[in-house]
**Student:** 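Quick one: structure below, then a few questions.
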Amino acid sequence: MSASEHFSAIDTDQLGREVALADIDSELRAMFVGDDGLSRASLTNLAIYNENPGALAANAAIVSQLTREHACRSILIIAEPNGDRSAQAWVQAHCNLSGAGKKAFCSEQVAFHLRGGGANLVRNTVFAHLDSDLPLVFWWQGEFSDVFEELLYSRMDRLVFDSRHWSQPRAQFLRLNAALKDEGARFAPHDLSYTRGSQVRTAIMSCFNEPRAQAVIPSLDRVVVRHRPGHRMTAVWIAAWIAGRLGCQLDHSSEEDGAVTRYHFKRPAAGHCPVAIDMQLIDLTECRSEPGEAAALAEVELHAGDEFHFAIERRIDADFWKLRIRHGDCQAIEELIPARQCGDAFLVNEVLSRAGSNRAMRELLPSVRQLLSA
């Protein structure tokens with residue numbers, strides 16, 4: 001297959017105007033010449049990398065959503081390591097309308113389809129088209145390949161990834177850990193599988209801010225996390241987070257029983273309180289959901305014998321979370337919490353909206369690796 005035939009198989013409708021590589025900068029400048037109502041805006045560089053040609057148009061659609069709130073220079077890259085070295089590029093601008101209905105502030109987008117050349121071609125393409133000295137947010141889609149090397153990640157300020165799509169999460173996290181320990185690395189890691197559990201974590205923390213619930217924390221002895229197919233990593237992140245908040249340590253290897261993974265934790269004895277916590281991760285294999293859209297978690301329960309029961313659940317067709325709290329024989333308290341979106345564009349928007357080193361997630365990485373190895 002010739003390069004032109006290969007590229008023609010890509011849906012280019014959302015990629016803008018095709019340009020020669022040498023003309024990219026001049027074509028971008030030309031977009032803003034002679035139009036008084038058109039202004040360029042950029043606060044960061046957003047690079048999106050994928051090795052699947054079919055992802056290019058989909059990523060352009062995501063960028064169109066992201067730039068409604070975040071002005072950026074977006075660099076979309078599809079890289080195929082095999083074949084003769086070749087490249088194709090497109091440029092366009094995503095513009096927000098002013099109150100008068102005219103184009104106002106626009107974010108530039110450059111899309112590339114690269115073949116051959118390996119890590120050097122990808123790295124040089126990204127660095128050659130960054131906007132000035134603005135921060136670089138790099139969204140790596142799929143598993144880390146040989147392109148993920150020190151000369152590339154040493155220039156990243158934030159690395160966004162999604163462990164949901166990893167066939168061997170433990171190996172990928174080990175690779176990530178090695179990169180984080182590299183002296184040249186300065187990036188903050190952001191796992192979208194962790195972000196998917198943010199609303200559940202917030203609900204749990206809000207519950208245990210109440211004095212009566214705080215009193216039963218030493219007695220918690222069982223945790224159940226039910227997750228939808230394909231979202232085991234979000235359940236693992238929740239398990240690691242709960243264990244960390246309770247000061248638990250993994251007692252011994254996990255147990256697999258069909259769709260159920262069981263972990264046993266222990267914590268220092270405190271008077272008559274239990275020292276063992278049973279934690280179950282249940283894959284709802286009978287559930288069929290649209291990829292990336294339905295909530296990753298279906299339900300999370302925390303128990304303290306018969307004296308306390310906390311549960312937060314979301315049905316697949318519901319736009320709210322249902323929260324239940326019961327103390328002993330008292331009538332359960334129920335509350336409905338509006339559910340946020342689940343799509344990739346919303347999740348990355350959450351990451352872009354928050355500055356900092358993502359310390360909370362980073363501190364859980366050793367526990368997540370331990371759970372994946374158990």
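These numbers come from the heavy atoms of this one structure, side chains and all, not from hydrogens, waters or symmetry mates. We're numbering straight along the sequence, starting at 1.
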**Student:** Measuring from M279:CE to L281:CG, what's the distance to the nearest 0.5 Å?
**Tutor:**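 Between M279 CE and L281 CG, I get 8.0 Å after rounding to 0.5 Å.
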**Student:** State whether the side chain of T67 and the backbone N or O of H94 hold a donor-acceptor pair below 3.5 Å, judged by distance alone.
**Tutor:**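 Looks like no, no N/O pair under 3.5 Å.
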**Student:** Is it true that, when you exclude R315 itself, more than 12 heavy atoms of the residues, nucleotides or ligands shown sit nearer than 6.0 Å to its CZ?
**Tutor:**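 For R315, atom CZ is not crowded (no more than 12 foreign heavy atoms under 6.0 Å).
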**Student:** Can the positive tip of R326 be found less than 6.0 Å from the middle of the six-membered ring of F308, inside 45° of the ring normal?
**Tutor:**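 Cation-pi check for R326 and F308: fails.
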**Student:** For atom CG of N209, is the number of surrounding heavy atoms from other residues, nucleotides or ligands below 6.0 Å larger than 12?
**Tutor:**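 Yes, CG of N209 has more than 12 neighbouring heavy atoms, counting only those of other groups under 6.0 Å.
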**Student:** Give a yes or no on this: more than 12 heavy atoms of other residues, nucleotides or ligands lie within 6.0 Å of atom CZ of R186.
**Tutor:**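 Correct, the count exceeds 12.
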**Student:** Supply the atom-to-atom distance T234 OG1 to R228 CZ, rounded to the nearest 0.5 angstrom.
**Tutor:**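 If I round to the nearest 0.5 Å, the distance is 11.5 Å.
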**Student:** Could you check whether any side-chain N or O of Q172 sits under 3.5 Å from a backbone N or O of S163, counting only pairs where one atom can act as donor and the other as acceptor?
**Tutor:**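 Not at all, since once roles are kept as given, no pair shorter than 3.5 Å links the two residues.
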**Student:** Check whether any side-chain N or O of T44 sits under 3.5 Å from a backbone N or O of P135 as a donor-acceptor pair, and report yes or no.
**Tutor:**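 Side chain of T44 to backbone of P135: a pair is present.
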**Student:** Under a 3.5 Å cutoff, is there a donor and acceptor pairing between the side chains of H264 and E255?
**Tutor:**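 Their side chains do contain a donor-acceptor pair, which is all the 3.5 Å distance test asks for.
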**Student:** I need the E350 CD to R354 CZ distance, nearest 0.5 Å.
**Tutor:**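 The distance works out to 5.0 Å.
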**Student:** Between the side chains of H227 and E299, does any donor sit under 3.5 Å from an acceptor?
**Tutor:**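 No donor-acceptor contact under 3.5 Å links the two side chains.
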**Student:** Just so I know, are the side chains of S254 and R262 near enough to count as touching, which here means a heavy-atom distance under 4.5 Å?
**Tutor:**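 In short, these two side chains do not touch, never coming nearer than 4.5 Å.
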**Student:** Group every Ile, Leu, Val, Met, Phe, Trp and Tyr by side-chain heavy-atom contacts under 4.5 Å, then state whether V110 and L43 land in the same group.
**Tutor:**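 No; L43 is not reachable from V110 via cluster members.
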**Student:** Hey, is the main chain of H129 close enough, under 3.5 Å, to the side chain of R73 for a donor-acceptor pair?
**Tutor:**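 Indeed, once roles are kept as given, a pair shorter than 3.5 Å links the two residues.
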**Student:** Provide the closest heavy-atom pair for C330 versus R212 in the form atom of the first, atom of the second, distance.
**Tutor:**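 Between these two residues, the closest heavy atoms are SG-NH2, 3.5 Å.
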**Student:** Is the backbone N or O of E335 less than 3.5 Å from a side-chain atom of R324, with the two atoms forming a donor-acceptor pair by type?
**Tutor:**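 Judged by distance alone, no pair lies under 3.5 Å.
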**Student:** Judged by modelled atom types alone, do N177 and R369 share a side-chain donor-acceptor pair under 3.5 Å?
**Tutor:**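 Checked: N177/R369 side chains pair up, N/O donor to acceptor below 3.5 Å.
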**Student:** Check A240 against V368 and note the closest heavy-atom contact, atom names and distance.
**Tutor:**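 Heavy atoms of A240 and V368 come nearest at CB-CG2, 3.9 Å.
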**Student:** Would you kindly say whether S154 and D182 are connected by a side-chain donor-acceptor distance under 3.5 Å?
**Tutor:**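 Side chains of S154 and D182: no pair found under 3.5 Å.
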**Student:** Would you say the side chain of L323 lies within less than 4.5 Å of the side chain of L336, judging by non-hydrogen atoms?
**Tutor:**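 A side-chain contact is absent here, since even the closest heavy-atom pair is not under 4.5 Å.
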**Student:** Can you tell me if N52 and E80 form a side-chain donor-acceptor pair at under 3.5 Å?
**Tutor:**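 There is no such pair (donor and acceptor under 3.5 Å, judged by atom type) between the side chains of N52 and E80.
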**Student:** Give the ring-plane orientation class for H309 versus H303, where under 30° counts as parallel, over 60° as perpendicular and anything between as tilted.
**Tutor:**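 Rings of H309 and H303: parallel, under 30°.
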**Student:** Which pair of non-hydrogen atoms, one from W241 and one from M205, has the smallest distance, and what is that distance?
**Tutor:**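 W241 and M205 have their closest heavy atoms at CZ2-CG, 3.5 Å.
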**Student:** Between F148, W166, F161, which is the residue that forms a ring-ring contact (aromatic ring centres under 6.0 Å, His included) with W140?
**Tutor:**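 When ring-ring contact (aromatic ring centres under 6.0 Å, His included) is applied between W140 and each of F148, W166, F161, only F148 qualifies.
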**Student:** Can you find a pair of side-chain heavy atoms, one from I78 and one from F112, that are under 4.5 Å apart?
**Tutor:**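 No, too far: nothing below the 4.5 Å cut-off.
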**Student:** How about S107 and R40: does a side-chain donor come under 3.5 Å of a side-chain acceptor?
**Tutor:**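 Result is no, nothing qualifies.
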**Student:** Would you mind checking if D283 and R232 are paired as a salt bridge, meaning a charged N to carboxylate O distance below 4.0 Å?
**Tutor:**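 No, this pair does not count.
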**Student:** Evaluate D162 against R196 for salt bridge (Lys or Arg N to Asp or Glu O under 4.0 Å), listing each step before the verdict.
**Tutor:** CA-CA 10 Å; D162 192 350; R196 289 186 181 95; 2.7 Å; yes
**Student:** Please check this pair: side chain of D319 against backbone of A339, looking for a donor-acceptor N/O pair closer than 3.5 Å.
**Tutor:**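 Such a contact is absent between D319 side chain and A339 backbone.
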**Student:** Please say whether more than 12 non-hydrogen atoms of neighbouring residues, nucleotides or ligands are located less than 6.0 Å from CG in D146.
**Tutor:**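 No, the 6.0 Å shell around CG holds no more than 12 heavy atoms from other groups.
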**Student:** Can you classify the ring geometry of Y49 versus F138 as parallel (below 30°), tilted (30 to 60°) or perpendicular (above 60°)?
**Tutor:**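 Y49 vs F138 ring planes: tilted.
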**Student:** In a check of side-chain contact (heavy atoms from CB on, under 4.5 Å) between W139 and each of D344, N50, L159, which one passes?
**Tutor:**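 The side-chain contact (heavy atoms from CB on, under 4.5 Å) with W139 is passed solely by D344 among D344, N50, L159.
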**Student:** Look at the side chain of R170 and the backbone N and O of L371, then say whether any donor-acceptor pair between them is shorter than 3.5 Å.
**Tutor:**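 Pair absent, no side-chain N/O of R170 close to backbone of L371.
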**Student:** Any side-chain donor-acceptor pair under 3.5 Å between S86 and R115?
**Tutor:**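 There is no such pair (donor and acceptor under 3.5 Å, judged by atom type) between the side chains of S86 and R115.
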**Student:** As an exercise, state the distance from SG of C72 to CG of L136, rounded to the nearest 0.5 Å.
**Tutor:**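 C72 SG to L136 CG: 11.0 Å, rounded to 0.5 Å.
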**Student:** If only atom types and distance count, is the side chain of Q168 paired as donor or acceptor with the main-chain N or O of A171 below 3.5 Å?
**Tutor:**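 Looks like no, no N/O pair under 3.5 Å.
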**Student:** Would you mind checking if E143 and R175 are paired as a salt bridge, meaning a charged N to carboxylate O distance below 4.0 Å?
**Tutor:**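 Salt bridge flag = no for E143 with R175.
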**Student:** Compare all side-chain heavy atoms of V223 with those of I238 and state whether any distance is below 4.5 angstrom.
**Tutor:**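 V223 vs I238: side chains apart.
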**Student:** Heavy atoms, side chains only, cut-off 4.5 Å: are I277 and R222 in contact?
**Tutor:**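 Not in contact.
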**Student:** Side-chain contact test, heavy atoms from C-beta onward, threshold under 4.5 Å: evaluate it for L246 versus L220 and give yes or no.
**Tutor:**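 They are in side-chain contact.
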**Student:** Nearest 0.5 Å, please: how far is CG in N59 from CD1 in I48?
**Tutor:**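 Going from the CD1 atom of I48 to the CG atom of N59 covers 4.5 Å.
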**Student:** Could you measure the distance from the CZ atom of R340 to the CZ atom of F346? Nearest 0.5 Å is fine.
**Tutor:**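 If we round to the nearest 0.5 Å, R340:CZ and F346:CZ are 5.0 Å apart.
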**Student:** Is R123 reaching over with its side chain to a backbone N or O of V147, donor-acceptor style, under 3.5 angstrom?
**Tutor:**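 A pair under 3.5 Å: no.
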**Student:** Have E108 and S74 got a donor and an acceptor in their side chains that come within less than 3.5 Å?
**Tutor:**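 Side-chain D/A pair, E108 to S74: absent.
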**Student:** Between N358 (side chain only) and P189 (backbone N and O only), is there a donor and an acceptor less than 3.5 Å apart?
**Tutor:**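 Side chain of N358 to backbone of P189: a pair is present.
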**Student:** When you compare the side chains of W321 and Q199, does any donor N or O come within less than 3.5 Å of an acceptor on the partner?
**Tutor:**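 Yes.
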**Student:** For atom CD of Q249, decide whether the heavy atoms of other residues, nucleotides or ligands shown that lie under 6.0 angstrom number more than 12.
**Tutor:**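 Not more than 12 within 6.0 Å, no.
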**Student:** Distance only, no hydrogens: is a donor on one side chain within 3.5 Å (strictly under) of an acceptor on the other, for E256 and T261?
**Tutor:**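 A pair is found: one side chain offers a donor N or O, the other an acceptor, under 3.5 Å apart.
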**Student:** What about L134 and F105, same hydrophobic cluster or not, with Ile/Leu/Val/Met/Phe/Trp/Tyr joined at side-chain heavy-atom distances under 4.5 Å?
**Tutor:**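 Result: no, two separate clusters.
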